[in-house]
**Q** 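Let me begin by handing over the structure; questions about it come next.
Order of appearance sets the numbers: ligands from 1, and atoms from 1 within every ligand. Residues: numbered from 1 along the sequence shown.
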Amino acid sequence: MIFGGLPGKVHDNAMNHQTRDFAMRDITTTMPLTVRMRRSPFWARSHAAGAQGYIVYNNMLIATGFACGEEDYRHLKSAVQLWDVGCERQIEISGPDAARLVQMSTPRDISKMVDDQCFYIPTVDRRGYMTNDPVLLRLDEDRYWVSIADSDLILYYKGLAAGLGLDVSVHEPQVAPLGIQGPKADELAARIWGAQVKDIRFFRHARVDVNGTPMVLARSGYSVQGGYELYFEGETGGDILWDQLMEAGRDLDVCAGCPCQAERVEAGLLSYLSDITPDMTPFEAGLGRFCDMERDPGCLGWDALQAKQTPTRQIRPIEIAGDPLPPQGTFWPVEAEGQRVGRISSSCRAYDFDCNAAIGLIDASHWEPGTAVQVHTPAGMREAEIKEKFWGKF
Ligand code: THG
């Protein structure tokens, strides 16, 4: 059990060994309640399990932690967690022009995608600037889900569809992904859906039966510990599935969790509007490997990107010296010889590597691995070094 020290009394329910009675704890102490902060079918269970804070993402609440940062991190790396990531909204694009419309938004060639495939795609505007970094799912040749990060990308698709008179439907379906993340995720998913789910390859998906309804289960997720995302459809029944997973995974120490800042920063998983901002190209974001620049696949920003293929600043892993740092609420300036050479957008204590790991956007003059720089942190000026690679799995 990883939730030692939390307020609230233990509710030793046979269905769910880790649910605690948080009925007395009112989220309105930190956030006024309103329907505009939408909540997924898993929110009530996730909240009852002890979510300690939330941010708003795609107009939905997403938890930011359950135990202390280090406990959440160690548990994610050793067991399995259920993540209410319903805020990863789906834009469903269907109809004869669906592939064409999706392709207009990304330089990654989607023409060879197969029906059970997922692609991580940079999406760009006509000038080649990042509008989002979604996971794209191909459901069939004329039906896609664009699983978005935090921006109103749906309006771009609706605008293009209307302006160009495309034969497509663009809408946001009632779909809320549930992350099943961690090294024991395979075992847990197999207990619920059968051993064949272990054969789903990375960034592929299959249909599984969820209490009578077929739903998409993909091998993907915002961690590098392995696992799945179940694209849960509908507004009810999330609590039933949650309880089934908790019960089936009791001996695997399954717990509620959420994307873990320390684990994702040390692995170099980027976050749109933190690490990637709307003034950046995919090349600056280090996402050039997801851009097909040999010939234009039909992306509206492709010509602009051609001219921007050699960036003058780029995302880099950075190690910041010294003790653990406070949480990051602003960009921290990066300097060399008193001149600004970049910014830190995300940082963490990389517990397994006993250092402060960070994601920075660094000018070409100082981005070589081994370069010494200084970072203005709320805890004072710190020495730092550009690294060759992110730290990743331990
Ligand atoms: N899952 C789903 N939708 C999402 C996210 C998610 N939408 C928003 C946000 N997260 C998108 N961000 C990422 C970032 C990285 C990865 C997935 C989503 C990722 N990247 C691998 C990498 O970079 O090595 C693999 C990329 C690939 O090979 O295609 O997994 O978490 N549903």
**Q** Answer yes or no for Arg108: is there a heavy-atom contact with ligand 1 below 4.0 Å?
**A** yes
**Q** In terms of residue, atom name and distance, what is the protein heavy atom nearest to atom 10 (N) of ligand 1?
**A** Glu88 OE2, 3.8 Å
**Q** Please work out whether any backbone atom (N, CA, C, O) or any side-chain heavy atom from C-beta onward of Phe290 is under 4.0 Å from ligand 1, and answer side chain, backbone, both or neither.
**A** side chain
**Q** If the plane angle is over 60° it's perpendicular, under 30° parallel, otherwise tilted; pick one for Phe42 and Trp242.
**A** tilted
**Q** So which heavy atom in the protein is nearest atom 18 (C) of ligand 1, and how far is it from that ligand atom?
**A** Val135 CG2, 3.7 Å
**Q** Between His47 and Tyr54, what is the ring plane arrangement, given parallel below 30°, perpendicular above 60°, and tilted in between?
**A** tilted
**Q** Could you tell me whether Tyr57 and ligand 1 have an N or O pair separated by under 3.5 Å?
**A** no
**Q** Got a sec: does the CZ of Arg126 have more than 12 other heavy atoms crowding it under 6.0 Å?
**A** no
**Q** Of the protein's non-hydrogen atoms, which lies at the shortest distance from atom 32 (N) of ligand 1, and what is that distance?
**A** Tyr231 OH, 2.8 Å
**Q** Got a salt bridge between Asp354 and Arg349, using NZ or NE/NH1/NH2 to carboxylate O under 4.0 Å?
**A** yes
**Q** Which bit of Asp133 gets closer than 4.0 Å to ligand 1, counting heavy atoms only: side chain, backbone, both or neither?
**A** both
**Q** Quick one: does Phe119 get a heavy atom under 4.0 Å from ligand 1?
**A** no
**Q** Measure the distance from atom 3 (N) of ligand 1 to every protein heavy atom, then report the residue, atom name and distance (to 0.1 Å) of the closest one.
**A** Ser147 OG, 2.7 Å
**Q** More than 12 heavy atoms of other residues, nucleotides or ligands under 6.0 Å from CD of Glu141: is that the case?
**A** no
**Q** Note the single closest protein heavy atom to atom 28 (O) of ligand 1, along with its residue, its atom name and the distance in Å.
**A** Phe202 CE2, 3.9 Å
**Q** Any nitrogen or oxygen of Glu229, side chain or backbone, less than 3.5 Å from one on ligand 1?
**A** yes
**Q** Considering only heavy atoms from C-beta outward, does the side chain of Trp302 approach that of Met293 to under 4.5 Å?
**A** yes
**Q** To check your reading of the model: name the closest protein heavy atom to atom 24 (O) of ligand 1, its residue, and the distance in Å.
**A** Arg289 NH2, 4.3 Å
**Q** State which residue, out of Lys77, Gln181, Lys393, Glu263, fulfils the side chain to side chain donor-acceptor pair (under 3.5 Å) condition with Gln225.
**A** Glu263
**Q** For the rings on Phe394 and Phe353, is their centre-to-centre separation under 6.0 Å?
**A** yes
**Q** Record the part of Trp83 in heavy-atom contact with ligand 1 below 4.0 Å; permitted values are side chain, backbone, both and neither.
**A** neither
**Q** Among residues at least two apart in sequence or on other chains, which ones pass side chain to side chain donor-acceptor pair (under 3.5 Å) with Ser345?
**A** Asp275
**Q** Which protein non-hydrogen atom lies closest to atom 13 (C) of ligand 1, naming both residue and atom, and how far is it?
**A** Tyr120 CE1, 3.4 Å
